[in-house]
Every structure is written in C-alpha cells, then in structure tokens.
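Side-chain atoms are counted along with the backbone in the values below, which use heavy atoms only and exclude waters and symmetry mates. All values reported here derive from a predicted model rather than from experimental measurement. Just so we're on the same page: letters track the sequence lines, and every chain starts at 1.
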Number of protein chains: 4
Amino acid sequence: MAVEEDRVTARRAQIFQAAAAVFARQGYHNARMDDIVKASGLSKGGLYWYFKSKEELATGLVHQMLTHESEAMQAVLNSEAPAAERLEHLVRAFAHDLTKNPDRASLALELLALARTIPDIRTCFDTHHEHFVERIAALLMEMGGSSARQLDTHAAALAFTSLIDGMMLRWTLAKSPFDLENALWEATEVLVRGVQAPQLR
Amino acid sequence: MAVEEDRVTARRAQIFQAAAAVFARQGYHNARMDDIVKASGLSKGGLYWYFKSKEELATGLVHQMLTHESEAMQAVLNSEAPAAERLEHLVRAFAHDLTKNPDRASLALELLALARTIPDIRTCFDTHHEHFVERIAALLMEMGGSSARQLDTHAAALAFTSLIDGMMLRWTLAKSPFDLENALWEATEVLVRGVQAPQLR
Amino acid sequence: MAVEEDRVTARRAQIFQAAAAVFARQGYHNARMDDIVKASGLSKGGLYWYFKSKEELATGLVHQMLTHESEAMQAVLNSEAPAAERLEHLVRAFAHDLTKNPDRASLALELLALARTIPDIRTCFDTHHEHFVERIAALLMEMGGSSARQLDTHAAALAFTSLIDGMMLRWTLAKSPFDLENALWEATEVLVRGVQAPQLR
Amino acid sequence: MAVEEDRVTARRAQIFQAAAAVFARQGYHNARMDDIVKASGLSKGGLYWYFKSKEELATGLVHQMLTHESEAMQAVLNSEAPAAERLEHLVRAFAHDLTKNPDRASLALELLALARTIPDIRTCFDTHHEHFVERIAALLMEMGGSSARQLDTHAAALAFTSLIDGMMLRWTLAKSPFDLENALWEATEVLVRGVQAPQLR
DNA sequence: AATGAATGAGCATTCATTCAT
DNA sequence: GATGAATGAATGCTCATTCAT
C-alpha cells in the first residue's frame, strides 16, 4: 500500500516537474498536453491517469509550489535568530532561489495570471498570501513595532509582500536583468526603516 | 485626409475598448475574436481591416494603455505642487482610477502575463517601466534625498514601482477586497519615511 | 461612343494582362483579387466594374487567349507556302512564343485544369480544340494523305494536338528544361513520317 | 508490429481512396477537408493523425498513384512478348484502365496542375516522367531502331509520353467523348511507323 | 496501470463580393 | 465610373479528452 502511495507520489512529482518546465517556457495556454507528456516521459493516457484535466494539473502544480514555498518560509521563521536576521534570511533565500531558477519566477507570473480565470488557483494564492502577510506582520511586530504601530505593521506587511511579488515580476520581464537579491534586500531595508522611523506627522 | 485619420483613430479606439473589456473579463486566450467583434459592433472583416491578428491587437492595446498612463502620470508630475504632494497625488489618482475601474487592474495582469510570451508587448512594458522608475527617482530625489543617498533613491524608486504593481496584483486577485488607495498610500508613506530616515547601520 | 468602347477595351486588356501574370505565377486559386487589383493598377471597385466575379474574369481571359491563338494560327495557315512549310512554321512559332514567354505555358496548364471545374472555360477549350484539330487534319490531308488515309489523317491530327499540349505540359513542369522548339519539331517530323509511310500491316 | 504497419497502411489507403474521389470530383481547391473526412469514414482528427496537412495528403496521393502506375508499367514491360506487343499492351492497358475509371484521368489533370504550385508534387511527376521516357526509349530501340537512330528514339519516347498525357487531357475535357483506347493506339502506330520509316530528308 | 489512436467541437484568419460615398 | 472600407460565410487545422486494447 505504502509502495502504491509512493509510486503515485513519484509519478505526480514527475508530472509536476514536467508541467512546471513546459508552463514556464511556453505558458499555460501555449503548452500542449503532448508537450507535457513528452517532457514527463509518460504516455498520454498515463498522464490522464494522474490528472484528469489540464486545469487540474495546473491547480495541483500551484498547490504543490505554494506548499513548498510556505514550508520553506516556515523553516526560516522557525530559526532561533533575531527577527531582523530572520527577515533578511527570508528575503535573501527567496531571491537567491529565484536567481538560480529564473524559470520559477516566470512560472509564478504565469500561474498568477491563471488565478484570474481559474477559481481554485485563485483560492490557493489567496490563502497563501494571507498566511504570508500574517507571518510577516508578526515578524515586523517582533522587530520593534510598538503596539501603537499595529496598523502600520500590518500595512507594512502587505506592502512587503506586494513588493516581493512586484519586484519578481519586474525581474522576470526586464530585458536588462538586475541583481534581484540586492534590489530586494535594499528595498526591504528601506521599508523596515520606514516602519521603525518616527511618524512624520 | 484629416477626416480619414479621424475615422481610423476612432475605429481603433472602438476596437481597443471592446478588446479591453473582453480581455479583462475572459483573458486573452479565452477571448474569441468573435467576442471582440461582437463587443466592438464591427464585423469580423472590419476588425481585421484594422488589426491583422489577435496578437497585433493585444500589442496595440498595450501600447495605447501605457501611452495613456504615461501621459496621465506626466500631467500630475508637471503640476506646481511640492514634490511630496505630487507623489501623493500620483498614488491616489492611480489607485482611485483602478478602484473605479477594477477591470483595468485585471487587464493589466493579463497583459503583463502576455509579455512573457509576446516580445513586442514585453518591450512596451519594459520601456514604460524604465521611464516610470526614472521619473519616480527624480521625484524622490527632489523630496529630500541628499546626494549621498542617490543610490538609495534609485533603489527606492524601483521598490516603489514594484510595490505598485505588486499591490495592484494582490488587489485584483484578493477575494476579500481592501481599500487600494489607502493601502497604497500607507505603503508609500512607509517607503518615503524609510528613504528619508537616517541610515540604521 | 467609340471612345467609350475603346476605354472599356483598354481597361479589360489591362486587367487581363494583370490576371494572366498573377494566375501564371500563383495559380487561380492562390491568386487573390487584391493581387490582381494591385497588378492592374486599378482599384478593387474598378476591377469589379469590368468583371463581375473572379470566375468571369478567368473565363474572359481564356476566351481572349484562345481567340488570339486561333488568329495567330490562322495567319500562318493563310500563307502561300506549301503545306509542309506551313506546318513547320506553325510548330516553330508556337514553340518559339512559349520559349520567350514561359509563363504562358504555365498559365495554360492552370486554365486547362480550371476547365474541369468551370463549364464555360471547358466549352471554350473544347470548341477551340475542335477547330484546331480540323485545321490540322486539313493540313495533313493536303500534305499528301491519299483519300484512303482520311481516317488516319484525322487520328493524326488528334495525335498532333495532343502531342503539343502534352509536350507543353511536360516542358512547364520539367525541372531540367529542354529545347521545346526542337523537341516539338522532331516529334512532329516523326508523326508526319508516320502518316506518310506505307501501312505496315 | 506487423499489425501496426498494416493498420497504418490500411488507414492511409482508405484516406487516399477518399481523397482521390473527392479531388477528382471537386478539384483540390474546392475540396474541403471535411468532404474527405466524410468520404473516408474517419474523423477529422483521425485524418490529421495520418496526414498533417491537406498538401501532404495530396503529395502522398501523387506518390502512391505514380508508384502504382510505375509498377503496372513494369509488369507489362517484364513480359516475354515481343517489344511491339508489349508496347501495344502498355497503351491498351493504360487506356482501358482510364476508360473504366474516367475519374482517374480527371484526377491526373488536377494533380498535374498542382505540380505547378507544390514543389514536392512537381518532383514526383518529374522523376516519374523521366523513368517513363527511359523505359519507352528502351522499348522503341528494341523494336527496331538502328543505332543510327538513337537520338530519334529518345525524341520519339518523349513524343510518346507527351502524346499520352496530352490525349488523356483532351479526353477528360472533351464534351463529346471519343474512344481513348482506339485513338491512343492509332496515334501510337503512326508514331511507331514514323520512327521506323526511312528518313525523309 | 498504461498506451496512443481516434474524436470533434472550437477558432483564427481569409477573401470574394458589396455598397455608401 | 471609381474608390476602398466593410461584410461574413467559409475553412484548414488544433488539441483537450476519451476509450478500446
């Protein structure tokens, strides 16, 4: 039984990997099931055994990716380091990972656009984002927001996550590539400074 | 002659409007040329008289939208008000506009995703973004960056534009809608504070 | 009135020339009315003023070409020279003309194929061919067929015309071009010899 | 494996037959893929599984027809009979076949016209014709050409093949049908007599 | 479980023809 | 007579999905 499970998991992983590569390169709509079949090494019927439609495959892929990302994030947040360091680690790890796998950023944009059209995917992203914002807000709070700044903290968290997505997007599309890790960390610093700085008015 | 030009312009505008509505609702790939034809009030052949392919139509639409946006931005920047006010005006106008036309944000995401696949569209966005960043950088500089902070200013401008795109994206996808104008302005304030705050380390 | 007629004739000739060139190069079905419009120097509406459909244009073109060819043939046949010389002249003139205007042969094949589908064109060719065969038969008879060979003469005429069409066809399609005039005249000689030779059995 | 091959061959044959019928009746350009689909008994996708475009289908059809024809010719030429009889057999079999299947002649004209536009088809015909001429030349030589007449023999072979094509063409287009077998054999006799007759000049 | 041949609804695009000006 | 913008039916081809083996 466990062996069964393993094979299923392995096959699905195999397919996810193929789909990720194909979607990243060609985009969801320009990707043919046959392309994914070819990339996966399975047969057409085989693929449809594990995913009953292209949409379900995309949805599953989003789910898997966001789960991974969430776990990776949690791992960093669970560390013993001071909040500021955890934040930096988070940012750098994220940027570093994308820099090494630029396709991931491309894929993310593709799937994000898909969220507009496919409700399940939208829900996935939505939930993920909410958790993300909460964790960041907590982190920022811990970093030195006085209780009087709670609102600011939450707003800053939203700003932070938006910043990340927006910069990833810019980075994937920009023809003249820039150093994502650096840019992202600089931006984060500015943001953090802004949160901790005394109110202007 | 001028009349000719006018008709051509009018027709193209008419088609752009139809395409914008359809792309916003259904997405580029789920949009049928027939849908746009229907929405435009022209005939199929008529549409193809002005745009020789679906792709060219999308490209033209991106061009037109970015041109409009750039001009709107310039108009705000040309005002006599102090820099800080111009920035606020810019942010609020942008957010206000989207709030009144939520489809625009949706459309923007769609077209942004298209940029991955269609080179001409990518170029349009790229150029537009570069100009955008430059203008914002100039504005931030004017707002009080000492020359010693030039680098920060540019980084902050990049952060700012990323923030805008990212938040617009979040806003379109979020199921629980939030006040875009408020969130964006708060985030902007944090960012500005961060730029003007004394270096932390 | 006569001036009117002249203009009409001139315009039609102008269009025929354009259509001939376009059909020769692209074939009837791959030719767009716009191509012919462009080649003719007229406007779309202008072309349709003189020919009310693509098919009518093709039909008119066939008619005009066959009329010309028939007249050219008649001119040669009307000469005072001995029959054998007239035949040679006929063959050489025909081949010479095609060699100088290879498009004509190509066009002929195209229109011949069209005859299968367009009844009017088929009728044109049919009538033309009948006359052609009759004239050739008369010529061959004059060249020395005894009355006892009348049947042979007619058969030979049919053979002769078939030979011409077939060789023209081969010539247009052959990738390694050959000397049409020479080949055709040699073949004619063989045929003539065969008609004049004593019955074998 | 052999079963696989067989099915593929059978399907292709099935499609060729349908295409031949449809092209013969309507012509290549007036034939709709749907017509062929209907005639073949397959589905649209099924047809496209075996031929990836209309053009490829036509090309394949030409190839198949010429291969068959070449084999049929070879079969006749391989017989033990004297050369003259083999020639007669060849001519009569060819004509007889067409008379029983008039569509074949019609189809041949259609495909011949296609050769003007589709390079692969042109090449097929070209190669076929070359072989045809060579075989006929050899046959004529065997029939009694002295070595002094070698040139004439080749010319006569070219004349012969042209004659066949031309007469088939005439026969398909003629409204008043004639006896193809008879006409063709008579013409052949004249030609042969011409080759064997003493030089005139 | 796995295969891949077969299905058929769906779609972008074309192009002969028309007609208001 | 002439123009060319506008029409819309027509068509080759695609591709997600199915199902007999």
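- In terms of position along DNA chain F, the nucleotide closest to C/V8 lies nearer the 5' end than the nucleotide closest to the other residue of the pair C/V8 and D/E55.
- The nearest whole Å value for the distance from the NE2 atom in B/H29 to the P atom in F/dA16 is 12 Å.
- Nearest to the side chain of D/Y48, among E/dA12, F/dG12, E/dT17, sits F/dG12.
- Regarding D/K38, its NZ atom lies at a distance of 13 Å from the C1' atom of E/dG8, rounded to whole Å.
- As rounded to whole Å, 17 Å separates atom P of E/dA9 from atom CG of B/D34.
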Annotated structure of DNA chain E as dot-bracket, pair cut-off 3.5 Å, Watson-Crick or G-U only, | for inter-strand, is .||||||||||||||||||||
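- No side-chain heavy atom of D/Q26 sits under 4.5 Å from any side-chain heavy atom of D/R32.
- Tested against B/F16 for a ring-ring contact (aromatic ring centres under 6.0 Å, His included), the candidates B/Y50, B/F51, B/F23 yield a single pass: B/F51.
- Under a cut-off of 6.0 angstrom, the local environment of CD in A/Q17 is sparse, with at most 12 non-hydrogen atoms contributed by other residues, nucleotides or ligands.
- Residues A/M65 and A/L111 are in side-chain contact: their nearest non-hydrogen atoms beyond the backbone lie under 4.5 Å apart.
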Grab the N/O contacts between the protein and nucleotides 6-10 of chain F below 3.5 Å, and write none if there aren't any.
residue	atom	partner	partner atom	Å
F/dA6	OP1	B/R11	NE	2.8
F/dA6	OP1	B/R11	NH2	3.1
F/dA6	OP2	B/Y50	OH	2.4
F/dT7	OP2	B/S43	N	3.0
F/dT7	OP2	B/S43	OG	2.6
F/dT7	O5'	B/S43	OG	3.0
F/dG8	N7	B/G45	N	3.0
F/dG8	O6	B/G45	N	3.3

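- Rounded to an integer number of Å, the gap from NZ of D/K54 to P of F/dG12 is 5 Å.
- Formation of a donor-acceptor pair under 3.5 Å by the A/K54 side chain with backbone atoms of A/Y28 is found in this model.
- D/L114 places none of its side-chain heavy atoms less than 4.5 Å from the side chain of D/E55.
- In this structure, the CE atom of C/M33 is 16 Å from the P atom of F/dA2, given to the nearest Å.
- Following rounding to the nearest Å, C/E56 (CD) and E/dA16 (P) show an atom-to-atom distance of 15 Å.
- The side-chain heavy atoms of C/H128 and C/E69, taken from C-beta on, include a pair separated by under 4.5 Å.
- What separates CG of C/L57 from C1' of E/dC15 is a distance of 15 Å, to the nearest Å.
- Checking side-chain atoms of C/K175 against main-chain N and O of D/R122 turns up no donor-acceptor pair under 3.5 Å.
- A donor-acceptor pair under 3.5 Å is formed between the side chain of D/R116 and the backbone N or O of C/A24.
- If you find the closest nucleotide of DNA chain F to A/K52 and to A/N30, the one lying nearer the 5' end belongs to A/N30.
- Computed from coordinates, the C/Y28 OH to E/dA16 C1' distance equals 9 Å when rounded to whole Å.
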